[in-house]
Amino acid sequence: MTTHRAGVGRARRRRWPAVAVTGALVAGAAGWAVAYGPLKKGEEPPRTADPEAVRTAQAFLSRWAAGDLQAAARLTDAPAKAEETLRNFTAGLEITKPVLTAGAARVDGEAGAGARVPYRAKMPVAELGTWSYGSELAVARTESGWRVRWELPLIHPQLNDKQRFKLVEEESAELAAVDRDGKAISAAEHPSLVSVLGLGGGKPRGEVQVVDRITGETRSTAVRFGPDPGEGGGPLRTTIDARIQRAAEKALARHADGRNAGLVAVRIDSGEVVAVANGPAGGFNRAFQGTYAPGSTWKVVTTAALLAKGAVTPESRVDCPKYLTVGKQFHNVETSEIPGATFREDFIHSCNTAFVALRGRLANDEMTVFAKDYFGIGPEWKTGVGSVDAEVPVPASETEKAAALFGQGRLRTNPLAMASATATAVSGTFHQPLLVKGTEQPAVATKPLPSGVVKQLRSLMRDTVTDGSAKVLAGVPGQVGAKTGTAEVTEDGNNNGWLVAYDDEIAVACVVEGAESGSGSAGPVLRDLLAESAGGGAAG
């Protein structure tokens, strides 16, 4: 449905707080002037605008911004006309709390005759977005003192006696986007994608149009609110698999119990994002933009580094004590222990102290370099929407290094990064994740993991499902593998629960905030999602 509002529009009372007008006006010896560089030989100093003229301009902008339109109009040389126009402008366009920022003043005409003050306007249009533009005020001396010279373009350069502005709003249940098969994505069916794609499905969209004052004919568009059109003006083309997206949103809504959560699923063979969901749906896109310690899901990357270096094998003996002190005391979940454990047992039961004990087999910067060279983590990624890149900083101490090996310390990731890391681990090849087709992605140079390492990682993750901490996925059909993670946020607060997993076609990562464990919180989410994926198969 499309509605049109013009003229005074609906009667709404606006009470705006006073808004300070900021500026780049530079004080000079004789008043106010623009900032200049050093004078050349024989050059005269620039003339400066009268400080009273500048203060008048500032006062006008300040009162206009504060919504005191009568007071603003009294500072012009045509108060009645100015007040009428200012009221029609704000009412007809649903503008609330404008921010007006003055620029550098300059002399207008002969010395002392007046001043011109440019300004930048940020006009929040109710429920749509911010309309930003630049214009300019002229201030002249009159019998009543300094006054703003009233002219329509001072409100906006395109406003004149032949044309005006009109707000056009649209409401649509569609997201102006299509899935990987070219079918429209519904906001009602996929609410998480509203904020992920930055689109307004189910919410007003619209534009401020420049129209003829007499005929109402549209001449141009001053500003458009809503999604950028795809190629040829069409919808945004995404890599989303609608069936898997639907399953992801349902699983997260069913099992996150109202807690903040995020989930990403990518195709193993291409890195294309087939599902992204958040809890609450439509809220902050923590799946792409969150910054979390990944907890023990990071052991997938640490293990790849240890295996590739030959520092350990799955059958190596690496003891798993209850505690191990490296500057601070490290322990396992519920202070468990596995005396005489093999590295395979350490991995599938997620033993932190065993990984801490192996810290000496990797150089201080080795994880940072390895994550970049093999997993593409560190360089900037471009998915087509806003995302936060993972960080693997070089540890600043031995204690920090120990913590980083099992996903704590200063490591920062999100479900997008961990879904990609899982896909790389089980395929051996990094594919930069992509959500919007046609996005120009920066080159990220990586090396393939050795095939033997990939085979061992898949075996370890499969054993984690059949015999280890991810048994919650044991009933899912196919050769599903996984790694659990419980990331400490504060020493005495709740943890974040993580789980990464893969099947024949997709790799998935899920985080649930305020959880006791990864298997208990994220586990049921991925169990439902992977069961649905196995039941129908991801789109090819």
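Residues take their numbers from the sequence shown, with the count starting at 1. Note that this is a predicted model, so its numbers are computed, not measured.
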With no hydrogens and no angle check, is any side-chain donor or acceptor of [X] less than 3.5 Å from a backbone partner on [Y]?
{"X": "Gln408", "Y": "Ala293", "result": "no"}
{"X": "Asp179", "Y": "Gly182", "result": "yes"}
{"X": "Asp389", "Y": "Gly378", "result": "no"}
{"X": "Arg361", "Y": "Leu358", "result": "no"}
{"X": "Ser192", "Y": "Asn278", "result": "yes"}
{"X": "Thr383", "Y": "Val385", "result": "yes"}
{"X": "Glu207", "Y": "Val168", "result": "no"}
{"X": "Thr424", "Y": "Ser420", "result": "yes"}
{"X": "Thr302", "Y": "Leu405", "result": "yes"}
{"X": "Thr399", "Y": "Val326", "result": "yes"}

Note to self: Looking at Lys309, I'd like to know if its NZ atom is crowded, meaning that more than 12 non-hydrogen atoms belonging to other residues, nucleotides or ligands lie closer than 6.0 Å.
What the structure shows: yes
Margin query: If you count heavy atoms of other groups shown closer than 6.0 angstrom to CD of Glu398, is the number above 12?
Written below: yes
Margin query: Pair Ser350, Ser296 - check side chain to side chain donor-acceptor pair (under 3.5 Å), show working.
Written below: CA-CA 7 Å; Ser350 205; Ser296 290; 3.1 Å; yes
Is the shortest distance from a Lys or Arg side-chain nitrogen in [X] or [Y] to a carboxylate oxygen in the other one below 4.0 Å?
{"X": "Glu440", "Y": "Lys382", "value": "no"}
{"X": "Arg254", "Y": "Asp528", "value": "yes"}
{"X": "Arg259", "Y": "Asp257", "value": "yes"}
{"X": "Arg412", "Y": "Glu391", "value": "no"}

Check: Val273 and Val264: side-chain contact (heavy atoms from CB on, under 4.5 Å), yes or no, with the steps?
Finding: CA-CA 7 Å; Val273 177; Val264 174; 4.3 Å; yes
Less than 4.5 Å apart, side chain to side chain, heavy atoms only: is that true for [X] and [Y]?
{"X": "Val178", "Y": "Thr238", "answer": "no"}
{"X": "Val465", "Y": "Ile348", "answer": "no"}
{"X": "Leu236", "Y": "Val436", "answer": "yes"}
{"X": "Leu449", "Y": "Leu307", "answer": "no"}

Next item on the list: Could you tell me whether Trp381 and Phe288 have their ring centroids closer than 6.0 angstrom?
Entry: no
Item checked: Lys328 to Phe330, cation-pi by 6.0 Å centre distance and 45° axis angle -> yes
Note to self: For Lys401 and Asn364, which I'm curious about, is there any donor-acceptor pair between the side chains at under 3.5 Å?
What the structure shows: yes
Check: Side-chain donor-acceptor pair under 3.5 Å between Thr291 and Asn414, yes or no?
Finding: no
Notebook entry, point to check: In terms of the angle between their ring planes, are His331 and Tyr323 parallel, tilted or perpendicular, with boundaries placed at 30° and 60°?
Noted result: perpendicular
Next item on the list: Determine the interplanar angle of the Trp498 and Tyr292 rings, folded into 0 to 90°, and report it as parallel if under 30°, tilted if 30 to 60°, perpendicular if over 60°.
Entry: perpendicular
Notebook entry, point to check: Excluding sequence neighbours, so at least two apart, what forms side-chain contact (heavy atoms from CB on, under 4.5 Å) with His431?
Noted result: Thr429
Item checked: Worked verdict on Arg243 versus Ser533 for side chain to side chain donor-acceptor pair (under 3.5 Å) -> CA-CA 8 Å; Arg243 184 179 57 79; Ser533 175; 5.1 Å; no
Item checked: Worked verdict on Thr342 versus Glu315 for side chain to side chain donor-acceptor pair (under 3.5 Å) -> CA-CA 5 Å; Thr342 63; Glu315 306 314 317; 4.7 Å; no
Notebook entry, point to check: Considering all heavy atoms of both residues, which atom of Leu457 and which atom of Ala425 are nearest to each other, and what is their separation?
Noted result: CD1-O, 3.7 Å
Check: After noting the C-alpha distance and the side-chain angles of Val274 and Val266, does the key distance pass the side-chain contact (heavy atoms from CB on, under 4.5 Å) rule?
Finding: CA-CA 5 Å; Val274 293; Val266 302; over 6 Å; no
To the nearest 0.5 angstrom, please state how far the [atom1] atom of [X] sits from the [atom2] atom of [Y].
{"X": "Tyr502", "Y": "Lys483", "atom1": "OH", "atom2": "NZ", "result": "13.5 Å"}
{"X": "Leu263", "Y": "Gln245", "atom1": "CG", "atom2": "CD", "result": "8.5 Å"}
{"X": "Cys510", "Y": "Leu252", "atom1": "SG", "atom2": "CG", "result": "5.5 Å"}

Check: Between Thr466 and Lys471, is a side chain to side chain donor-acceptor pair (under 3.5 Å) present by the stated rule, with each step listed?
Finding: CA-CA 6 Å; Thr466 57; Lys471 286 183 179 179; over 6 Å; no
Check: Tell me the salt bridge (Lys or Arg N to Asp or Glu O under 4.0 Å) pairs involving residues 276-304, sequence neighbours left out?
Finding: Arg286-Glu513
Next item on the list: Given side-chain contact (heavy atoms from CB on, under 4.5 Å), test Asn332 with Cys320 step by step and report yes or no.
Entry: CA-CA 9 Å; Asn332 304 312; Cys320 175; 3.6 Å; yes
